[in-house]
Amino acid sequence: VWSYRKGYNCITVDVAKKFKFSSSTWILLSLIAGIGLGFLGTLLSEAANSFIIDSLMNPVCGAITGLLSGVATFLIFFSVMSGICGMGNLSTFQRVGRKTFERFMSSILLCSCIGVALLLPFFPLKGSASANFDFDAVFQMLIAIVPGNLLEPFLTGNLLHVIFLSICLSVTLLVLGTKTQGLVDVVVQGNALMQTIIIPICRLLPVIIFCTLYQVIVGGQLAGLLQLLKFPLLVALCCVAWLLVSMLRVCLRHHLHPLPLLKKLLSATVIAFSTASSTAAFSTNVENCEKRLGIDRSLIDVAIPLGQ
């Protein structure tokens with residue numbers, strides 16, 4: 001393609017991209033492979049399966065999980081700080097933060113109501129409800145948000161402590177203004193670094209999914225899971241109901257078609273369901289919101305860590 005820009009003749013050549021599977025495709029393949037090879041694994045001897053699981057799968061899954069947890073802690077820390085510092089001033093943070101918190105709390109309340117409505121017919125309440133309000137328990141829960149020291153959140157991996165610490169530090173940087181621009185640049189670069197590091201780690205998530213399904217089927221836990229399938233199905237039904245309600249609200253407000261929106265959210269949803277970990281789906285969720293949904297990055301860096 002030829003173009004003339006600022007006194008120069010420019011020729012642009014588009015190189016055809018090689019075909020590659022998407023993250024959703026790899027996850028689907030790992031689900032199929034885990035189930036299929038799991039049933040084939042039942043034909044092997046107990047010693048062979050013990051070697052495969054204990055000597056191969058468990059160490060590999062442990063290493064991947066450790067890498068993911070360690071990087072995710074720093075990723076959330078830098079992500080929240082980068083998002084808040086990127087707002088530029090304290091008044092913008094107060095406005096956006098208040099709206100985000102209000103919507104988050106209203107979403108929790110609505111989701112809780114949907115869950116109670118769906119689960120109550122299957123799990124009726126028994127006994128008499130107490131009207132006493134345990135103020136001490138609520139107070140202790142609020143106090144527990146505050147970490148004991150600056151290093152404790154990173155050593156224990158407590159994400160609630162990490163978010164609290166990152167909000168406090170980033171608000172302090174906003175108050176100091178241009179005096180701390182050097183530190184803000186370090187935070188932005190740290191966020192970019194963590195985002196880069198976690199991408200290849202998240203590509204290993206299908207390995208965890210495959211190993212988990214293989215162990216469940218080979219270990220004979222599938223029958224027990226099927227017997228206890230009532231509660232997981234109801235929980236999944238609640239999640240699907242909440243997803244549909246959220247999608248309907250977004251589609252009506254922004255005049256969107258639900259199917260393309262669902263397709264854009266599918267990869268993060270599948271990762272969260274298959275690994276039972278919001279941390280594992282964090283980077284995929286961020287990527288979907290930024291690149292597929294076009295949400296502002298400063299809002300993503302604040303809302304997603306709070307919501308997950």
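Remember, it's a predicted structure, so these values are computed and weren't measured experimentally.
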Trace of the side chain to side chain contact (heavy atoms under 4.5 Å, CB included) decision for Ile198 with Leu68: CA-CA 7 Å; Ile198 204 169; Leu68 182 63; 4.1 Å; yes
message: Run the side chain to side chain contact (heavy atoms under 4.5 Å, CB included) test on Val188 and Asn191 for me, step by step, so that the C-alpha distance in whole Å, both residues' side-chain angles and the decisive distance to 0.1 Å come before the verdict.
response: CA-CA 5 Å; Val188 174; Asn191 184 40; 5.7 Å; no
- request: Let me see the working for Ile197 and Leu67 under side chain to side chain contact (heavy atoms under 4.5 Å, CB included), right down to the final yes or no.
  value: CA-CA 10 Å; Ile197 292 176; Leu67 283 173; over 6 Å; no
field: Check against side chain to side chain contact (heavy atoms under 4.5 Å, CB included), Asn49 and Tyr214
entry: CA-CA 10 Å; Asn49 279 321; Tyr214 184 90; 2.9 Å; yes
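Val186 and Leu150 sit in two unconnected hydrophobic clusters of ILVMFWY residues. Membership requires side-chain heavy atoms under 4.5 Å apart, directly or through other members. In the hydrophobic cluster analysis, where Ile, Leu, Val, Met, Phe, Trp and Tyr join through side-chain heavy atoms closer than 4.5 angstrom, Leu193 is grouped together with Leu169. Note on Val175 and Val187: same hydrophobic cluster, where clusters join Ile, Leu, Val, Met, Phe, Trp and Tyr whose side-chain heavy atoms are under 4.5 Å apart, directly or indirectly. By the rule that hydrophobic residues join a cluster once side-chain heavy atoms approach within less than 4.5 Å of another member, Leu151 and Met81 end up as members of separate clusters. Connection of Leu204 to Val60 is established within a shared hydrophobic cluster, with ILVMFWY side chains joined at heavy-atom distances below 4.5 Å, either directly or through further cluster members.
Counting only N and O atoms by type, the side chains of Gln189 and Asp185 include no donor and acceptor under 3.5 Å apart. Between Asn58 and Gln215, the side chains place a donor N or O and an acceptor N or O closer than 3.5 Å (distance only, hydrogens not considered).
Note that CD1 of Ile208 is 9.5 Å distant from SG of Cys202, once rounded to the nearest 0.5 Å. We find the OG-CE distance between Ser79 and Met194 to be 12.0 Å, quoted to the nearest 0.5 Å. Atom CD1 of residue Ile217 and atom OG1 of residue Thr212 lie 11.0 Å apart, to the nearest 0.5 angstrom. Note that CG of Leu29 and CH2 of Trp26 are 6.5 Å apart. Values are rounded to the nearest 0.5 Å. Residue Ile35 holds its CD1 atom at 11.0 Å from CZ of Phe210, rounded to the nearest 0.5 Å. Taken from CD1 in Ile163 to SG in Cys168, the straight-line distance is 12.0 Å, to the nearest 0.5 Å.
Remark: Ser50 pairs with Asp54 by the side chain to side chain contact (heavy atoms under 4.5 Å, CB included) rule, at least two apart or across chains. Take Asn158 and apply the side-chain hydrogen bond (donor to acceptor under 3.5 Å, both in side chains) test, not counting sequence neighbours, and it matches no residue.
Heavy atoms only, all atoms of each residue included: Arg203 and Pro206 are closest at O-CD, 3.4 Å. Taking each heavy atom of Ser170 and Ser166 in turn, the nearest pair found is OG-O, 2.7 Å. Pro153 and Val162 make their closest contact through CB-CG2, 3.7 Å (heavy atoms, listed as atom of the first residue, atom of the second, distance). In plain terms, the two heavy atoms of Thr180 and Leu176 that are nearest each other are CG2-CD1, 3.4 Å.
Using a 4.5 Å cut-off between side-chain heavy atoms of Ile, Leu, Val, Met, Phe, Trp and Tyr, Leu248 falls into a hydrophobic cluster with Leu252.
Ring geometry for Phe154 against Phe74 counts as parallel: the plane angle stays under 30°, on a 0 to 90° scale with 60° as the upper cut.
In this structure, Ser69 contributes its side chain and Thr65 its backbone to a donor-acceptor pair below 3.5 Å. Ser45 places a side-chain N or O within 3.5 Å of a backbone atom of Ala48 that can act as its donor or acceptor partner.
Contact check for Ile52 versus Val218: no side-chain heavy atoms found under the 4.5 Å cut-off.
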